Novice: 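So that we are looking at the same thing, I have put the structure below in C-alpha cells.
Residue numbers begin at 1 in each chain, while the letters A, B, ... track the order of the sequences. All of these numbers come straight from a predicted model, not from anything done at the bench.
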Amino acid sequence: MSDLHEAILGWYDAHQRDLPWRRPEATPWGVMVSEFMLQQTPVVRVLPMWKAWMTRWPTPAALAAEPSGEAVRAWGRLGYPRRALRLHAAAAAIVEQHDGAVPDEYDDLLALPGVGDYTAAAVASFGFGRRHVVLDTNVRRVFARLLAGHEFPAPGVTKAERALAASVLPHDDSAAVWSVAVMELGALVCTAVAPRCDACPVAHLCAWRTAGRPTYAGPERKVQTWAGTDRQCRGRLLAVLRDADGPVHRSALEAVWDKPDQRDRALRGLVDDGLATQVGPDSFALPG
DNA sequence: CACGCGTGGAC
DNA sequence: TGTCCAAGCGT
C-alpha cells in the first residue's frame with residue numbers, strides 16, 4: 001500500500017464519524033436512503049430524518065406500499081422534495097423488478113429513479129463493498145487539491161478527472177473504504193471554506209499546498225439565487241400541503257405568496273412534477 | 001451542458 | 001448580512 005493510501009485510511013480509522021448508515025448492521029436499503037437524503041444536504045440535517053424513515057420504512061416494500069404523498073410528507077423540510085418522490089418510485093421499482101432487494105450492480109442501481117452516477121457508485125460501494133470510482137463534491141475537491149493542485153475542481157466532471165480518481169482507487173477489497181475515507185476527509189478537513197491543512201494526513205503530499213494554495217482560477221462558479229424565486233414559492237406552497245391533514249383550499253395557498261402569476265405557475269409546476277394533485281375545482285393535496 | 005430544483009447553517 | 005455551501009439528478 002502506498003504512503004497516500006496508508007495515510008488516508010489510517011486517518012479515517014481514527015477520525016471517522018459514527019454515522020448509523022455506516023454501521024455493520026446498516027442494510028443496503030439504509031445506505032440507499034442515506035444517499036438520497038445526503039444529495040445536496042448536510043449530514044446533521046439528515047440524521048434525524050434517516051432514523052425516522054428507517055423506523056417507519058425499514059424495507060423498500062414498506063415504502064412502496066404507501067402513497068407517494070406520504071413520502072413527500074415525511075420528507076419534511078429536508079429540501080428538494082422531488083427526492084422523496086424518486087425514492088418512493090425507486091422502492092417500487094425494486095419491489096417490482098428486484099424482488100424487493102436493493103440491487104448490487106451499478107447498472108441496475110443507475111436505472112432506478114433518482115439514482116445517478118454518484119448514488120449508484122455509492123450504494124454499490126458502501127452497501128455491497130463493490131469497487132467503483134465514487135465522485136462526489138468532497139472527493140472531487142480532495143483530488144483537485146491533492147493530485148491536481150487546484151483549489152476547486154472544474155464545474156463538470158472531466159474524463160481526466162475520472163481517470164485520475166480511478167488511478168488511485170485500490171484494486172483490493174479496500175476500495176469502498178478508500179472512497180468513504182476520501183469523502184470523509186473532504187467533509188471534515190479538506191473543506192471548501194477554510195480547509196484545515198494542519199490536521200490533514202496527506203498535507204505533505206498535497207500538490208495544492210506545495211504550490212502555496214493558489215486561489216481558484218477556473219470558470220465562474222454559479223451561485224443560486226433564492227429570494228423571490230419560483231423555488232422559494234414552491235417551497236411555501238408545498239409546506240402548506242404537507243402540514244395539512246387533507247386537501248387544502250386554493251385560498252390557503254394564495255395566502256403564502258403575493259404574486260398570482262408566479263404562484264399559479266409554481267403550483268402547476270408542483271402538479272406537473274407529481275408533488276401535488278388537484279382534487280377539486282379549488283382544492284389541492286399531496287399525491288395519493 | 002446549463003439550468004432548475006429546497007432548506008438552513010456558517011461566516 | 002448577503003454570500004456560499006451541503007454525500008446530485010433529470011432534462
Novice: Using whole Å, what does the distance between atom C1' of nucleotide B:dC5 and atom OH of A:Tyr80 come to?
Specialist: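 The distance from OH of A:Tyr80 to C1' of B:dC5 comes to 5 Å, rounded to the nearest Å.
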
Novice: It should be established whether A:Arg221 places a side-chain nitrogen or oxygen under 4.0 Å from OP1 or OP2 of nucleotide C:dC4.
Specialist: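 No.
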
Novice: For A:Gly186 and for A:Arg86, locate the closest nucleotide of DNA chain C by heavy-atom distance; then report the residue assigned to the nucleotide nearer the 5' terminus.
Specialist: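 Closest to the 5' end, via its nearest nucleotide, is A:Gly186.
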
Novice: Using the P atom as the point on both nucleotides, what is the distance between C:dC9 and B:dG8, in whole Å?
Specialist: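 Pairwise P distance, B:dG8 against C:dC9, rounds to 23 Å.
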
Novice: Does one hydrophobic cluster hold both A:Val115 and A:Phe128, with members joined at side-chain heavy-atom distances below 4.5 Å?
Specialist: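 A:Val115 clusters together with A:Phe128.
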
Novice: Could you work out which one of C:dG8, C:dC5, B:dG6 sits closest to the side chain of A:Asp136?
Specialist: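 For the A:Asp136 side chain, the nearest candidate turns out to be C:dG8.
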
Novice: Do NZ/NE/NH1/NH2 and the carboxylate oxygens of A:Glu35 and A:Arg83 come within less than 4.0 Å?
Specialist: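 Between A:Arg83 and A:Glu35 there is no salt bridge, as every charged N stays at least 4.0 Å from the carboxylate O atoms.
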
Novice: Send over the distance from A:Gln224 CD to C:dG2 P, rounded to a whole Å.
Specialist: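 Atom-to-atom, A:Gln224 to C:dG2, this comes out as 17 Å.
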
Novice: How many whole angstroms separate atom CG of A:Leu85 from atom C1' of B:dG6?
Specialist: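 It works out to 14 Å between those atoms.
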
Novice: Does any nucleotide pair with B:dC1 by Watson-Crick or G-U wobble geometry, both distances under 3.5 Å, and what is it?
Specialist: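 Its partner: none found.
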
Novice: Specify the residue among A:Leu270 and A:Pro155 whose closest nucleotide of DNA chain B lies further upstream toward the 5′ end.
Specialist: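 The residue closer to the strand's 5' end, by nearest nucleotide, is A:Pro155.
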
Novice: Of the options B:dT7, C:dA7, B:dC3, whose atoms approach the side-chain atoms of A:Lys222 most closely?
Specialist: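 Looking only at heavy atoms from C-beta outward on A:Lys222, the closest nucleotide is B:dC3.
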
Novice: Between A:Arg162 and A:Asp117, is there a side-chain N and carboxylate O pair less than 4.0 Å apart?
Specialist: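 Salt bridge present between A:Arg162 and A:Asp117.
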
Novice: Is the shortest side-chain N to carboxylate O distance from A:Arg213 to A:Glu151 below 4.0 Å?
Specialist: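 Not counted as a salt bridge, because no side-chain N and carboxylate O are separated by less than 4.0 Å.
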
Novice: Do NZ/NE/NH1/NH2 and the carboxylate oxygens of A:Asp18 and A:Arg23 come within less than 4.0 Å?
Specialist: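 Looking at A:Arg23 together with A:Asp18, the answer is yes, because their closest N to O distance falls below 4.0 Å.
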
Novice: Say we look at C:dA7 and B:dC11: how far apart would their C1' atoms be, to the nearest angstrom?
Specialist: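 It works out to 23 Å between them.
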
Novice: Go through C:dC4, C:dC5, B:dG6 for me and flag the one nearest to the A:Ala192 side chain.
Specialist: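 Selected nucleotide (nearest to the side chain): C:dC5.
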
Novice: Can you tell me if CG on A:Asp258 sees more than 12 non-hydrogen neighbours from other groups inside 6.0 Å?
Specialist: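 No - once you tally the heavy atoms of other residues, nucleotides and ligands closer than 6.0 Å, there are 12 at most.
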
Novice: If I compare all heavy atoms of A:Pro195 with all of A:Thr191, which pair ends up nearest, and what's the gap?
Specialist: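 Residues A:Pro195 and A:Thr191, closest heavy atoms: CA-OG1, 3.4 Å.
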
Novice: To the nearest angstrom, how far is A:Arg231 atom CZ from B:dT7 atom C1'?
Specialist: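 That distance rounds to 10 Å.
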
Novice: Roughly how many Å is it from CZ in A:Arg77 to P in B:dG6, rounded to a whole number?
Specialist: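 Going from CZ in A:Arg77 over to P in B:dG6 covers 12 Å.
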
Novice: Mapping A:Trp21 and A:Pro113 onto DNA chain C by nearest heavy atom, which one lands closer to the 5' end?
Specialist: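 It is A:Trp21, whose closest nucleotide lies nearer the 5' terminus.
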
Novice: Please work out which residues in residues 33-59 of chain A have a non-hydrogen atom less than 4.0 Å from an atom of DNA chain C and list them by number.
Specialist: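 DNA chain C contact set from residues 33-59 of chain A: A:Glu35, A:Leu38, A:Gln39, A:Gln40, A:Pro42, A:Val43.
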
Novice: Within this structure, what is the CG-to-C1' distance between A:Leu275 and C:dC9, rounded to whole angstrom?
Specialist: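 To the nearest whole Å, that distance equals 14 Å.
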
Novice: Among the candidates C:dA7, B:dG6, C:dC5, find the nucleotide nearest to the side-chain atoms of A:Arg82.
Specialist: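 Closest of the options to the side chain of A:Arg82: B:dG6.
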
Novice: Just how far, in rounded Å, is P of C:dA7 from CH2 of A:Trp178?
Specialist: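 Roughly 17 Å, once rounded to whole Å.
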
Novice: Could you give the CG-to-P distance, from A:Asp230 to B:dC3, as a whole number of Å?
Specialist: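 Atom-to-atom, A:Asp230 to B:dC3, this comes out as 16 Å.
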
Novice: Check this for me, if you would: do A:Arg234 and A:Asp273 make a salt bridge, where the nitrogen-to-carboxylate-oxygen distance has to be below 4.0 angstrom?
Specialist: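 Looking at A:Asp273 together with A:Arg234, the answer is yes, because their closest N to O distance falls below 4.0 Å.
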
